[in-house]
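This report refers to the structure that appears directly beneath it.
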Amino acid sequence: MATNRTFTMLKPDAVEKGYIGAILEKISASGFRIVAMKLTQMTTADAQSFYAIHSERPFFADLVEYMTRGPIVAAVLEKENAVDDFRTLIGATNPADAAEGTIRKMYAESISANAVHGSDSDDNAAIEAAFHFSGREQF
Ligand code: IDP
Ligand code: MG
């Protein structure tokens with residue numbers, strides 16, 4: 001299986017609750033190498049652009065408000081089968097449906113404030129990594 005990269009954000013709810021260390025520990029223990037990482041805050045324009053695919057959804061305004069309310073940790077991760085394995089590690093979008101031991105099961109509070117983002121494809125991982133990091137910031 002090929003080594004590839006995915007993109008993640010520890011979302012404002014996870015940062016507010018002090019879960020950065022615990023979530024990064026779980027990510028590292030699951031075999032992901034951190035290729036890039038920073039604490040940053042998205043502007044409204046950033047969040048509207050990042051989540052443009054959801055712009056027609058009824059929750060879009062709430063999603064933008066939530067994702068901009070405080071700092072996030074943005075990171076690029078590398079591993080064999082990174083995109084799919086990271087989606088497995090974070091669990092279902094709604095923490096009520098997420099499997100035991102997944103990050104969302106352990107740290108998310110609701111379907112909207114669900115602690116962590118994970119890219120859904122190799123192409124989107126590359127687009128999302130480039131949204132937050134220059135090539136020189138990815139190791
Ligand atoms: P994903 O993060 O598991 O890939 P998406 O469907 O891509 O889920 O949705 C992006 C984000 O939008 C979710 O992580 C969550 O924060 C929010 N979201 C998704 N569906 C709902 C919903 O039905 N109500 C409120 N917020 C939602
Ligand atoms: Mg998604």
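Whatever order the structure lists ligands and atoms in, that order sets their numbers, starting from 1. Note that the structure is predicted; figures quoted are calculated from it, not measured.
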Heavy-atom gap [X] to ligand 1 smaller than 4.0 Å:
X: Ile111; value: yes
X: Lys11; value: yes
X: Arg57; value: no

Just let me know how Met67 lines up against ligand 1, side chain, backbone, both or neither, with a heavy-atom cut-off below 4.0 Å. neither
What part of Met9, side chain, backbone, both or neither, has a heavy atom within less than 4.0 angstrom of ligand 1? neither
Look at atom 27 (C) of ligand 1 and find which of Phe50, Tyr66, Phe59, Phe60 reaches it with the closest heavy atom. Phe59
Looking only at non-hydrogen atoms, the one of Ala92, Ala115, Ser112 nearest atom 26 (N) of ligand 1 is Ser112
Heavy-atom pair with the smallest gap, counting every atom of Gln41 and Asp46: O-OD2, 4.3 Å
Closest approach of any protein heavy atom to [atom], naming residue and atom:
atom: atom 5 (P) of ligand 1; value: His54 NE2, 3.6 Å
atom: atom 2 (O) of ligand 1; value: Arg104 NH2, 3.0 Å
atom: atom 3 (O) of ligand 1; value: Thr93 OG1, 2.5 Å
atom: atom 11 (C) of ligand 1; value: Leu63 CD1, 4.0 Å

Close N or O approach (Tyr51, ligand 1; < 3.5 Å): no
Are [Y] and [X] connected into the same hydrophobic cluster when the rule is that any two of I, L, V, M, F, W, Y join if their side-chain heavy atoms are below 4.5 Å apart?
X: Leu10; Y: Phe86; result: yes
X: Phe133; Y: Val116; result: no
X: Met9; Y: Val76; result: yes

Set of ring-ring contact (aromatic ring centres under 6.0 Å, His included) partners for Phe139, sequence neighbours left out: none
Is Ile27 close to Ile103 at the side-chain level, that is, under 4.5 Å between some pair of heavy atoms? yes
Which pairs pass side-chain hydrogen bond (donor to acceptor under 3.5 Å, both in side chains) with one or both residues in residues 15-27, sequence neighbours excluded? Glu16-Arg69, Lys17-Glu109
I need the atoms of ligand 1 closer than 4.0 Å to a non-hydrogen atom of Arg87, numbered in the order shown. 1 (P), 3 (O), 4 (O)
Per-atom filter on ligand 1: closer than 4.0 angstrom to a heavy atom of Asn114 are 13 (C), 14 (O), 15 (C), 16 (O)
If we ignore hydrogens and angles and just use 3.5 Å, is the side chain of Asn124 paired with the main-chain N or O of Ser119 as donor and acceptor? no
Working to the nearest 0.5 Å, report the span between CG of Leu77 and OG of Ser30. 10.5 Å
